Amino acid sequence: MTRVRFAPSPTGLLHIGGLRTALYNYLLARQTGGVFVLRIEDTDRTRFVPEAEKDILDSLAWAGLTVDEGPTQGGDAGPYRQSERTARYREAVDRLLDDGHAYIAFDTAEEIAELRERRQREGHDSTGYSAATRGEMTNALTLDVGQVQQRLDAGDDHVVRLKVEPGQTVRFEDAVRGEVAFETDTVDDQVLLKSDGMPTYHLANVVDDHAMGITDVIRGEEWLPSTPKHVLLYDALGWKPPRFAHLPLIMSPTGGKLSKRSADRLGIPVNVRQYREAGYEPEAVVNFLAFLGWNPGTEQEGFTLDELVEAFSVERIGTSGAQFSLDKLNWFNGQVLRELEPEEIAVRARPEVEAKHGAVDASALVAAATLLRERIEKASDLADADYLFGEVTSYDETALKKRWKDDSARLVATYADRLEADSEFTEASTEVAMRQLAEDEEVGFGRVIHPVRLATTGVSAGAGMFETLVTIGRDTVIERLRRAAAELT
RNA sequence: GCCGCGUUCGUCUAGGGGUCUAGGACGCCGCCCUCUCACGGCGGUAACACGGGUUCAAAUCCCGUACGCGGUACCA
């Protein structure tokens with residue numbers, strides 16, 4: 001049984017890259033009939049943000065990724081917050097200590113910084129706390145048993161470090177990259193237990209993945225360099241490592257990390273929350289994210305979540321970093337929108353429309369969606385159609401210049417008169433009336449239709465003129481035509 | 001610096017020794033449709049990082065170089 005996990009740190013709003021990691025895990029779980037676990041990795045008390053867990057939950061739910069086991073869902077492998085599992089880490093550490101795979105160290109942050117600086121200055125390849133340097137430091141390997149006990153009894157700050165044996169090669173199979181190898185001489189004696197008693201990511205991750213029966217670890221490529229530490233830990237604890245799959249990183253459109261800073265500058269949202277607030281459809285975000293680093297090997301581009309579950313495979317995940325493209329996301333969003341019924345678009349557009357125009361009828365919203373759905377990129381764009389939800393208060397300057405001629409006021413006024421006489425007021429009748437008017441006045445059709453569009457909508461772009469007129473409604477149309485004829489000369 | 005990973009159109013990518021005069025999608029440009037703007041349809045632009053091998057044959061395999069990215073924390 002496949003068991004995968006998404007294991008974010010509650011340090012802020014969920015990052016879009018985090019959602020992709022969650023998505024790939026979810027897809028593998030669903031495809032194999034496995035279990036999707038959510039585990040909150042809250043071991044860093046200094047960066048902990050209380051609201052973050054809720055944002056993670058909300059974001060996953062928004063994207064449609066349902067969690068099988070997690071802090072709010074429960075499950076047999078709980079608890080699902082690392083801060084609630086400290087006894088297990090302690091137990092593992094004791095075992096590592098007893099077996100000589102780990103040791104206690106007393107060095108202060110300053111002493112370690114000094115070590116690094118010195119190694120750097122002396123031009124060594126490795127700069128950290130490792131087999132090459134631990135003999136010079138203050139730890140259970142250099143102190144005698146009595147001294148260690150004495151310092152422990154005195155309550156001195158200390159950490160527990162993994163004892164990495166030099167001269168070995170750690171190999172593991174990565175599902176997307178193939179075999180990856182690291183020399184242990186380049187692997188530092190990683191801290192496993194911090195001086196505050198909390199585990200580091202490395203320890204907690206290995207202990208929990210084992211305890212929760214995780215079979216496949218799908219995570220970002222930034223973890224690849226620390227995977228040898230994890231493999232060493234599994235070995236030391238006598239456990240079988242899971243399968244690893246390291247995802248290519250999502251990069252900024254200008255290259256480099258898609259950080260908060262670079263994204264802000266480029267106007268790209270970084271948090272899932274921001275995508276939601278910007279009016280993106282979750283289906284579009286999911287579809288777009290799925291294609292950032294994966295492809296189905298066919299030419300199909302539009303996928304529902306269920307179709308992705310069907311088509312997904314770890315083998316087809318790519319190896320190189322993928323630059324984020326807002327253009328492509330927008331295109332996906334348009335595709336999703338065109339598949340939605342007007343009623344559904346109306347539901348999604350409502351908050352934005354009401355924020356701008358006040359309360360609106362459901363029927364007005366649906367009518368607007370029906371009229372404009374081919375022309376909007378986001379459901380919330382409906383709110384821009386002022387002429388459907390309020391008054392026409394101004395006219396587009398450039399359009400006015402181009403389309404409003406000397407005879408426009410007269411033609412628009414005359415058209416208003418003819419509509420007043422038109423009891424049907426349908427798409428057909430309003431069009432016939434306009435064609436008749438153009439013929440009677442011996443002017444081109446465009447001479448009438450463009451000024452009428454301007455007068456009734458205030459803008460030059462929009463849906464078919466006659467559908468638009470019918471949607472706006474007869475009385476309002478006539479009133480707007482007359483007012484424009486009077487105001488614009 | 002050191003370690004690791006990567007490198008096909010501007011971007012996402014297909015392709016994994018001959019079928020590649022390198023395919024698709026986004027973007028961009030043009031045409032068609034048309035009352036505008038879109039949608040849609042059709043067409044166009046544009047890429048195998050570089051250098052050595054291996055081979056009858058290399059975008060595809062090997063080595064090197066360059067470049068990019070990640071890691072190098074008592075952060076994850």
Side-chain angles (χ1 to χ4, degrees), chain A residues 7-11 41-44 46-47 105 107-109 112-113 116 119-120 123-129 157-161 174 176-177 180-183 185-188 190-202 204-205 219-228 246 248-249 251 253 255-257 288 291-302 316 318-332 334 338 372-377 399 402-403 431 434-435 438 444-450 452-454 457 459-466 468:
Chain A
S9 255
T11 55
E41 307 221 326
D42 54 349
T43 55
D44 185 350
T46 61
R47 294 204 305 154
D107 315 86
T108 62
I112 295 165
R116 287 209 181 86
R119 298 282 294 178
Q120 184 93 266
H124 289 97
D125 292 355
S126 92
T127 55
Y129 205 123
D157 269 1
H158 64 278
V159 300
V160 175
R161 288 182 179 271
D174 184 276
V176 342
R177 279 152 229 281
V180 180
F182 287 84
E183 300 303 322
D185 300 67
T186 68
V187 179
D188 283 355
Q190 183 64 51
V191 169
L192 301 177
L193 202 65
K194 304 187 240 184
S195 57
D196 67 358
M198 286 298 248
T200 57
Y201 169 86
H202 308 281
N205 190 257
R219 71 212 323 186
E221 194 188 343
E222 71 270 24
W223 294 111
L224 194 55
S226 40
T227 305
H246 289 93
L249 263 20
M251 298 188 300
K257 204 168 158 184
F288 169 70
F291 273 73
L292 226 44
W294 172 85
N295 77 82
T298 64
E299 292 190 348
Q300 184 181 350
E301 296 255 22
R316 293 202 66 87
T319 49
S320 47
Q323 291 188 15
F324 190 95
S325 165
L326 211 51
D327 279 336
K328 193 100 183 205
L329 205 215
N330 287 335
W331 178 76
F332 272 117
R338 258 153 248 133
L372 262 12
R373 74 151 152 180
E374 297 285 284
R375 275 156 252 263
I376 51 177
E377 216 163 51
K402 186 173 174 195
R403 305 292 196 187
E431 177 164 4
M434 189 180 288
R435 293 201 183 275
F445 191 51
R447 199 77 165 189
V448 186
I449 195 165
H450 297 303
V452 167
R453 180 180 292 281
L454 218 34
T457 69
V459 294
S460 62
M465 183 74 270
F466 305 104
T468 303

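Quick caveat: nothing in here was measured; it's all calculated off a predicted structure. Values below: all heavy atoms of this structure, side chains included; hydrogens, waters and symmetry mates excluded. Below, read A as the first sequence line, B as the second, and so on, with proteins coming before strands; counting in each chain starts at 1.
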Distance, [atom1] atom - from [M] to [N], rounded to whole angstrom:
N: G51(B); M: C67(B); atom1: C1'; result: 14 Å
N: C35(B); M: A49(B); atom1: P; result: 49 Å
N: G10(B); M: C74(B); atom1: P; result: 42 Å
N: G41(B); M: U7(B); atom1: P; result: 33 Å
N: G44(B); M: U34(B); atom1: C1'; result: 22 Å
N: U65(B); M: C3(B); atom1: P; result: 12 Å
N: C31(B); M: A47(B); atom1: P; result: 24 Å
N: G16(B); M: C32(B); atom1: P; result: 40 Å

Considering every strand shown, what is the Watson-Crick or G-U wobble mate of [N] when both distances are under 3.5 Å?
N: G43(B); result: C29(B)
N: C2(B); result: G71(B)
N: C9(B); result: none
N: U34(B); result: none
N: C56(B); result: G18(B)
N: C50(B); result: G64(B)

**Message:** Both Ser325(A) and Ala181(A) contact RNA chain B. Which one's nearest nucleotide lies toward the 5' end?
**Reply:**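 Its nearest nucleotide being more 5', the pick is Ala181(A).
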
To the nearest Å, give me how far apart [atom1] ([X]) and [atom2] ([N]) are.
X: Leu326(A); N: C28(B); atom1: CG; atom2: P; value: 13 Å
X: Asn295(A); N: G23(B); atom1: CG; atom2: P; value: 17 Å
X: Glu377(A); N: C26(B); atom1: CD; atom2: C1'; value: 12 Å
X: Glu299(A); N: U13(B); atom1: CD; atom2: P; value: 16 Å
X: Gln323(A); N: C26(B); atom1: CD; atom2: P; value: 19 Å
X: Phe291(A); N: C12(B); atom1: CZ; atom2: C1'; value: 9 Å
X: Lys328(A); N: G10(B); atom1: NZ; atom2: C1'; value: 13 Å
X: His124(A); N: C3(B); atom1: NE2; atom2: C1'; value: 16 Å

**Prompt:** For Arg161(A) and Gln190(A), what are the C-alpha separation, side-chain angles and deciding distance, and is it a side-chain contact (heavy atoms from CB on, under 4.5 Å)?
**Reply:** CA-CA 5 Å; Arg161(A) 288 182 179 271; Gln190(A) 183 64 51; over 6 Å; no

**Prompt:** Quick one: is Arg316(A) getting a side-chain N or O under 4.0 Å of the C12(B) phosphate, OP1 or OP2?
**Reply:**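 False: Arg316(A) side-chain N/O out of range (4.0 Å or more) of C12(B) OP1/OP2.
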
**Item:** U7(B) OP1/OP2 closer than 4.0 Å to side-chain N/O of Thr319(A)
**Value:**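 Answer is yes, contact under 4.0 Å.
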
Could you list the donor-acceptor pairs under 3.5 angstrom formed between side-chain atoms of residues 291-299 of chain A and any protein atom two or more places apart in sequence or on another chain?
{"from": "Trp294(A)", "atom 1": "NE1", "to": "Ser313(A)", "atom 2": "O", "distance (Å)": "3.3"}
{"from": "Asn295(A)", "atom 1": "OD1", "to": "Gly297(A)", "atom 2": "N", "distance (Å)": "2.8"}
{"from": "Asn295(A)", "atom 1": "OD1", "to": "Arg316(A)", "atom 2": "NH2", "distance (Å)": "3.1"}
{"from": "Thr298(A)", "atom 1": "OG1", "to": "Gln300(A)", "atom 2": "N", "distance (Å)": "3.4"}

**Message:** Could you check whether any side-chain N or O of Thr200(A) sits under 3.5 Å from a backbone N or O of Val191(A), counting only pairs where one atom can act as donor and the other as acceptor?
**Reply:**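 Yes, the answer is positive, given that a donor and an acceptor are paired below the 3.5 Å cut-off.
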
With sequence neighbours excluded, tell me which residues meet side chain to side chain donor-acceptor pair (under 3.5 Å) with [X].
X: Glu41(A); answer: Arg39(A), Gln82(A)
X: Arg447(A); answer: Asp407(A)
X: Asn330(A); answer: Tyr280(A)

**Straight-line distance of Phe445(A) CZ to Arg435(A) CZ, nearest 0.5 Å** =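 Between atom CZ of Phe445(A) and atom CZ of Arg435(A) there are 3.5 Å.
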
**Request:** With the side chain counted from C-beta on, respond yes when Val180(A) and Thr227(A) share a heavy-atom pair under 4.5 Å apart, and no when they do not.
**Result:**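 The answer is no; the side chains never approach within 4.5 Å.
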
**Prompt:** For His450(A), which residues count as a ring-ring contact (aromatic ring centres under 6.0 Å, His included) partner, sequence neighbours excluded?
**Reply:**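 Here no residue qualifies.
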
**Asked** C26(B), G1(B), U13(B): which one has an atom nearest the side-chain heavy atoms of Gln120(A)?
**Response**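 Of the options given, the side chain of Gln120(A) lies nearest G1(B).
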
**Test salt bridge (charged side-chain N to carboxylate O under 4.0 Å, His left out) applied to Glu374(A) - qualifying residues, sequence neighbours left out** =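 Result, salt bridge (charged side-chain N to carboxylate O under 4.0 Å, His left out) vs Glu374(A): none returned.
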
**Message:** Arg375(A): which residues meet the salt bridge (charged side-chain N to carboxylate O under 4.0 Å, His left out) condition with it, sequence neighbours left out?
**Reply:**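 Checked Arg375(A) against salt bridge (charged side-chain N to carboxylate O under 4.0 Å, His left out); zero matches.
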
**Item:** Sugar-phosphate or base contact per nucleotide [nucleotides 29-51 of chain B; S, B, -; heavy atom under 4.0 Å]
**Value:** ------BBBBSS-----------

**Asked** Along nucleotides 69-76 of chain B, 5' to 3', which nucleotides get a B, which get an S, and which get a -, given that the test is a protein heavy-atom distance under 4.0 Å?
**Response** SBS-SBBB

